[in-house]
Participant: 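Just passing along the structure, written as structure tokens.
To find a chain, count down the sequence lines: A is the first, B the second, and so on, and within it residues start at 1. From a predicted model like this one, the values you see are computed outputs, not experimental measurements.
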2 protein chains.
Amino acid sequence: MAEDSAPHGTAPIQPESVSDATLRGLIGYSMKRAFMVIRADLARTLEPFELRMMTFTALTLVADNPGLSQSQLAQAMAVERPNLVVIVDELETRGLITRDRVPTDRRTYALHITSEGAQLLARATRAVHQHENGIMGKLTAEEEAALIATLKRIEASGGRS
Amino acid sequence: MAEDSAPHGTAPIQPESVSDATLRGLIGYSMKRAFMVIRADLARTLEPFELRMMTFTALTLVADNPGLSQSQLAQAMAVERPNLVVIVDELETRGLITRDRVPTDRRTYALHITSEGAQLLARATRAVHQHENGIMGKLTAEEEAALIATLKRIEASGGRS
DNA sequence: TACAATAGTTATCTTTCATATCTATATGCC
DNA sequence: GGCATATAGATATGAAAGATAACTATTGTA
């Protein structure tokens, strides 16, 4: 079978090492890869509680800000209002939060966590912190604080350039 | 309209400030929010070139690693093989890369960037770097280096805990 | 009262990412 | 050689996150 043709002209094909040096010069690339790791781990962590990243986030915000409206929650979560509806639907159907009518403005709902929701959230939050420690455990407190501060500055710079 | 009923019992409803203090204790939360800012900005930046985040990434990796296979590319991009097929399809259809048969292994394709692809990539890369500077410009070189190093450690810790 | 703005909803779409399954080919072993 | 197994690519399908347009009900305002 054309013995001597070494794979050179048409196909070098390195064995294993694919260089991403160019992309490493972009913060977005490193950020995405780190975030993917965190997201996958978070999804596994929340799965026993039948929570997803967004439902966990929404539940936490409702717990910390009782009575807030869906619009406020959507803004806090940086998602569009339509996308929040299904999240709130799911949490309400499961009895984890309630949609309470506001007498002063019958358009809005005041969201409140139920005792069942609070119990589930407490357990889920413990699990999430444990898994975050597993991933972030190698960071010192200073590194972690510096990371959060830097991330907040990046986030703040995003109000349209 | 029941004048005196202050919004207290059923619905506190804060005006604007929704507290996310609890979630700020999770790195994943700050990371997601920062990443969303970067991703939205990157999408706007790549839109004139008709590239998305993933097609830009793939094109860069093919340019830097000529002849690599789709499996290698999928592994480098940390996506599953099926998801890469459509990305490579799109790049090939647009004439930005080629799928070349490998005589030594007729299962695999060797991916190469075309001159047209290289030209588009050069222009897109310039635009991406400009926009990254706009977002990241407020960071010092030390902060940026520390951020990338920390992100890489987070990413590396993700090989299943 | 008419009109604009807001809260929530519905429908529809895109992008990213995953799993299961199929084919063609390659490889290791008897 | 023949067969089991592994691999490369592809197809089909679906979940999750996110966006936009358009609708209803209500509120506020000129």
Participant: Quick check on DNA chain C: between B:Thr55 and B:Arg81, whose nearest nucleotide comes earlier from the 5' end?
Facilitator: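 In this pair, the answer is B:Thr55.
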Participant: Counting any heavy atom closer than 4.0 Å, what does A:Glu80 reach on the DNA or RNA strands: base, sugar-phosphate only, or nothing?
Facilitator: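 Base: the residue A:Glu80, judged by heavy atoms under 4.0 Å, touches a nucleobase.
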Participant: Both A:Pro82 and A:Ile87 contact DNA chain D. Which one's nearest nucleotide lies toward the 5' end?
Facilitator: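 Between the two, 5'-proximity favours A:Ile87.
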Participant: Checking the side chain of B:Arg39 only, and the main-chain atoms of B:Met53 only, is there a donor and an acceptor separated by less than 3.5 Å?
Facilitator: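 Such a contact is absent between B:Arg39 side chain and B:Met53 backbone.
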Participant: Would you grab the first and last nucleotide of DNA chain C (5' to 3') that comes under 4.0 Å of any non-hydrogen atom in chain A?
Facilitator: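 The protein-touched segment is C:dA5 to C:dC17.
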Participant: Report the C-alpha separation of A:Thr22 and B:Asp64 in whole Å, then their side-chain angles, then the decisive distance to 0.1 Å, and conclude whether the side chain to side chain donor-acceptor pair (under 3.5 Å) test is met.
Facilitator: CA-CA 8 Å; A:Thr22 299; B:Asp64 286 0; 2.4 Å; yes
Participant: Contact class for A:Asn83 vs. all strands (heavy atom < 4.0 Å): base, sugar-phosphate, or nothing?
Facilitator: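 Touches a base.
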Participant: Does anyone know the first and last nucleotide of DNA chain D in reach of chain B, 5' to 3', at under 4.0 angstrom to a heavy atom?
Facilitator: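 The contact span of chain B on DNA chain D goes from D:dA6 to D:dG18.
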Participant: So with a 6.0 Å cut-off around CZ of A:Arg81, is the heavy-atom count from everything else above 12?
Facilitator: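 12 or below, so no.
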Participant: Is a salt bridge present between A:Arg123 and A:Glu116, judged by a nitrogen-to-oxygen distance below 4.0 Å?
Facilitator: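 Result for this pair is no, no salt bridge flagged.
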Participant: Would you call A:Glu155-B:Arg24 a salt bridge at under 4.0 Å N-O?
Facilitator: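 Yes, A:Glu155 and B:Arg24 are salt-bridged.
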Participant: Looking at B:Arg52 and B:Glu47, is any side-chain nitrogen of the basic one under 4.0 Å from a carboxylate oxygen of the acidic one?
Facilitator: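 No.
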Participant: Considering every strand and a 4.0 Å limit on heavy-atom distances, what is the contact class for A:Arg106: base, sugar-phosphate, or nothing?
Facilitator: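 If one applies the 4.0 Å heavy-atom cut-off, A:Arg106 turns out to touch the sugar-phosphate alone, with no base involved.
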Participant: Can you find a heavy atom in the side chain of A:Thr57 that is under 4.5 Å from one in the side chain of B:Tyr29?
Facilitator: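 Heavy-atom side-chain distance check passes, below 4.5 Å.
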Participant: Take A:Met36 and A:Ser71, find for each the nucleotide of DNA chain C with the closest heavy atom, and name the residue whose nucleotide sits nearer the 5' end.
Facilitator: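 Per heavy-atom nearest nucleotide, the more 5' residue is A:Ser71.
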Participant: Is there a continuous path of hydrophobic side-chain contacts, each under 4.5 Å between heavy atoms, that joins A:Leu84 to B:Val18?
Facilitator: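 Yes: a chain of side-chain contacts under 4.5 Å links A:Leu84 to B:Val18.
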Participant: Between A:Ala78 and A:Arg107, who's closer to the 5' end of DNA chain D by nearest nucleotide?
Facilitator: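 It is A:Ala78 whose nearest nucleotide is closer to the 5' end.
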